[in-house]
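As structure tokens, the structure follows; a few thoughts come after it.
Here is how names work: the chains are called A, B, and so on, in the same order as the sequence lines, proteins then strands, and each is numbered from 1.
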2 protein chains.
Amino acid sequence: MPKVTFYNLPAEKQQKLIAAAQSEFSSAPLAVASIANIVKAAGIPRGSFYQYFEDKEDLYLFLLEGMMKERKKRLEEILLNCNRNLFEAILEFYKQNLQEEENLSGFRRNVFLNMTDKAETTFSKILITENMGEAMQKIEALIDIGQLNVSNDEELIHLLKIVFAVTMRNQVEKFSKNLSNEESIANYTAELNLLKRGLVRPTQ
Amino acid sequence: MPKVTFYNLPAEKQQKLIAAAQSEFSSAPLAVASIANIVKAAGIPRGSFYQYFEDKEDLYLFLLEGMMKERKKRLEEILLNCNRNLFEAILEFYKQNLQEEENLSGFRRNVFLNMTDKAETTFSKILITENMGEAMQKIEALIDIGQLNVSNDEELIHLLKIVFAVTMRNQVEKFSKNLSNEESIANYTAELNLLKRGLVRPTQ
DNA sequence: GCTCGATATGACACCTTGTCACATCTCCTT
DNA sequence: AAGGAGATGTGACAAGGTGTCATATCGAGC
């Protein structure tokens with residue numbers, strides 16, 4: 001996370017640096033992106049960069065967290081619009097993500113195609129707030145648990161992790177195989193339906 | 001993949017290079033590992049390295065593919081031992097993986113914590129052979145599809161992709177949160193059970 | 001106007017990668 | 001046995017990346 005000096009910067013300068021970083025991380029994955037390019041685009045000297053962030057990854061995760069928070073907010077809105085139906089909402093969320101990615105920068109693409117554990121942890125906060133208690137109440141306000149085949153909080157967390165894993169895999173596949181939006185949505189829908197009804201044939 | 005010159009090398013020299021690479025990639029993820037260390041450990045000049053492999057990533061994916069093939073073979077054995085029951089077998093497979101990782105090199109750890117799309121694609125071949133036809137027949141020889149809640153090949157592929165995604169996520173979580181084997185197996189078992197019975201409460 | 005801690009700056013040491021001109025080997029032909 | 005062509009081996013090197021540090025500058029309080 002940024003150092004205090006970054007937050008003390010005039011908002012304008014912060015934005016310029018963020019924009020420069022977004023641009024660089026859009027055209028190159030973390031390992032390939034260069035600080036030289038970022039500071040050049042932002043118009044700051046190299047030494048200053050290290051006043052604001054620990055290193056390249058620090059800045060990267062900061063951007064990622066910003067994106068994640070914004071996505072989380074969007075998902076929560078969709079959930080409320082879908083009567084708290086998790087599966088309806090997550091599909092709509094997925095569709096909207098693909099839509100946005102059509103225009104949007106390649107940042108998400110690079111994130112998905114190079115998923116480090118730190119990025120994944122940051123990302124998983126979209127769906128999963130892990131710590132029991134207060135956070136669970138918020139989840140239960142957003143998701144109609146009555147519809148789900150779980151009997152306690154622990155199972156609910158597992159369910160969310162499953163949905164997260166499947167969603168991520170489809171996103172990655174979309175980028176890595178260059179699927180069309182329609183193909184990807186069809187795949188994702190099929191997998192969600194499988195998830196819903198169960199992978200094992202019921203014994204009668 | 002390696003160039004022909006690599007395969008023309010005496011087996012001993014090949015092995016030394018592979019061992020050196022394994023060691024380097026065990027102590028550092030792809031982006032951090034250095035060719036200098038590998039060639040030093042293998043006792044070959046830097047220039048030679050580029051006769052054998054395109055670059056660092058080429059070697060990395062080659063190692064990964066070797067590991068994947070070996071894992072795939074192991075999974076197939078387990079499937080046959082488990083009467084072709086996919087879920088029983090995949091759990092046993094998971095357990096054995098954790099066991100091995102206790103002693104084994106940190107290579108797998110670094111792979112899981114830094115999953116690029118290329119690595120994931122290589123890896124997904126453990127379970128999924130994608131191309132229809134011949135490959136599907138092999139899958140059907142190994143997995144008792146009668147137990148599964150699918151009605152065609154396409155759905156079967158989706159099912160396998162789901163299982164792959166969930167398995168991967170648990171592996172990553174195991175490493176990234178430093179879970180004990182027992183914790184990780186308990187989580188994985190819980191998620192498999194959820195998958196089997198379905199995430200949505202059946203409407204009566 | 002002075003002082004001191006915080007911030008800004010860019011030259012620099014150190015490290016990596018991939019290449020290339022040149023040396024050496026291998027094996028076929030004569 | 002000599003020659004030669006193509007494959008392979010080799011390490012010095014250019015280009016470029018990272019993080020640091022000595023030094024300059026700023027800014028608030030007295």
Side-chain angles (χ1 to χ4, degrees), chain A residues 1-64 107 110 114 116 118-119, chain B residues 1-64 107 110 114 116 118-119:
Chain A
M1 287 298 99
K3 304 182 181 176
V4 269
T5 48
F6 177 74
Y7 292 110
N8 291 339
L9 243 39
E12 187 202 358
K13 218 170 172 184
Q14 282 184 32
Q15 276 318 113
K16 202 166 174 190
L17 181 49
I18 289 176
Q22 202 118 29
S23 160
E24 176 68 5
F25 289 129
S26 294
S27 54
L30 176 59
V32 177
S34 105
I35 295 178
N37 284 341
I38 296 175
V39 297
K40 195 164 60 182
I44 62 170
R46 182 178 190 80
S48 294
F49 177 87
Y50 289 94
Q51 302 276 5
Y52 308 143
F53 293 91
E54 285 301 329
D55 53 22
K56 201 169 51 170
E57 191 186 28
D58 191 25
L59 170 53
Y60 181 79
L61 291 176
F62 172 64
L63 288 189
L64 198 59
F107 181 47
N110 284 323
N114 299 273
T116 66
K118 287 183 190 170
Chain B
M1 288 299 100
K3 305 182 182 177
V4 269
T5 49
F6 177 74
Y7 291 111
N8 291 339
L9 244 36
E12 187 201 358
K13 217 171 174 183
Q14 281 184 32
Q15 276 318 115
K16 203 167 174 190
L17 181 48
I18 288 176
Q22 202 119 28
S23 160
E24 177 68 5
F25 289 130
S26 294
S27 54
L30 176 59
V32 177
S34 105
I35 295 178
N37 284 341
I38 296 174
V39 297
K40 194 164 62 181
I44 63 170
R46 181 178 191 80
S48 294
F49 176 87
Y50 289 94
Q51 302 275 4
Y52 308 143
F53 294 92
E54 285 301 329
D55 53 22
K56 201 169 51 169
E57 191 185 28
D58 190 26
L59 170 54
Y60 180 79
L61 291 175
F62 172 64
L63 288 190
L64 199 58
F107 180 49
N110 284 324
N114 299 273
T116 65
K118 287 184 191 169

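For B/Phe6, the ring-ring contact (aromatic ring centres under 6.0 Å, His included) criterion is met by B/Phe53, B/Phe62, not counting sequence neighbours. Annotation: side-chain contact (heavy atoms from CB on, under 4.5 Å) contacts of A/Asn114 (sequence neighbours excluded): A/Pro29, B/Thr116. Among residues two or more places apart in sequence or in another chain, the salt bridge (charged side-chain N to carboxylate O under 4.0 Å, His left out) test is passed with A/Lys118 by A/Glu57.
Residues from residues 24-34 of chain A placing a heavy atom under 4.0 Å of any atom in DNA chain D, listed by number, are A/Ala33, A/Ser34. If you check residues 54-61 of chain B against DNA chain C, the residues with a heavy atom closer than 4.0 Å are B/Asp55, B/Lys56, listed by number.
Reading DNA chain C from its 5' end, the first and the last nucleotide to sit under 4.0 Å from a heavy atom of chain A are C/dT7 to C/dG10.
Atom-to-atom, CD1 of A/Ile38 to P of D/dG19 comes out at 11 Å; the value is rounded to the nearest Å.
Shown here is B/Lys3, whose NZ atom has more than 12 heavy atoms of other residues, nucleotides or ligands within 6.0 Å.
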* Starting from the C-alpha separation in whole Å, work towards a yes-or-no answer on side chain to side chain contact (heavy atoms under 4.5 Å, CB included) for B/Val32 and B/Asn110. => CA-CA 11 Å; B/Val32 177; B/Asn110 284 324; over 6 Å; no
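In this structure, the side chain of A/Lys56 engages the main chain of A/Leu30 through a donor-acceptor pair within 3.5 Å.
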Kindly give the atom pairs (protein nitrogen or oxygen, nucleotide nitrogen or oxygen) under 3.5 Å for nucleotides 9-11 of chain D.
residue, atom, partner, partner atom, Å
D/dG9, OP1, B/Tyr52, OH, 3.2
D/dG9, OP2, B/Tyr52, OH, 3.3
D/dG9, N7, B/Gln51, NE2, 3.0
D/dT10, OP2, B/Ser48, OG, 3.4
D/dG11, N7, B/Gly47, N, 3.3

Compile the donor-acceptor pairs under 3.5 Å between side chains in residues 15-25 of chain A and protein atoms, sequence neighbours left out, one pair per line.
residue, atom, partner, partner atom, Å
A/Glu24, OE1, A/Asn37, ND2, 3.4
A/Glu24, OE2, A/Ser34, N, 2.8
A/Glu24, OE2, A/Asn37, ND2, 3.3

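Atoms CD1 and CD1, from A/Ile44 and A/Ile38 in turn, are 9.0 Å apart once rounded to the nearest 0.5 Å.
Taking side-chain N and O atoms only, B/Asn8 has a distance below 4.0 Å to OP1 or OP2 of D/dT8.
A side chain to side chain donor-acceptor pair (under 3.5 Å) check over residues 44-54 of chain B, counting only residues at least two apart or in different chains, returns nothing.
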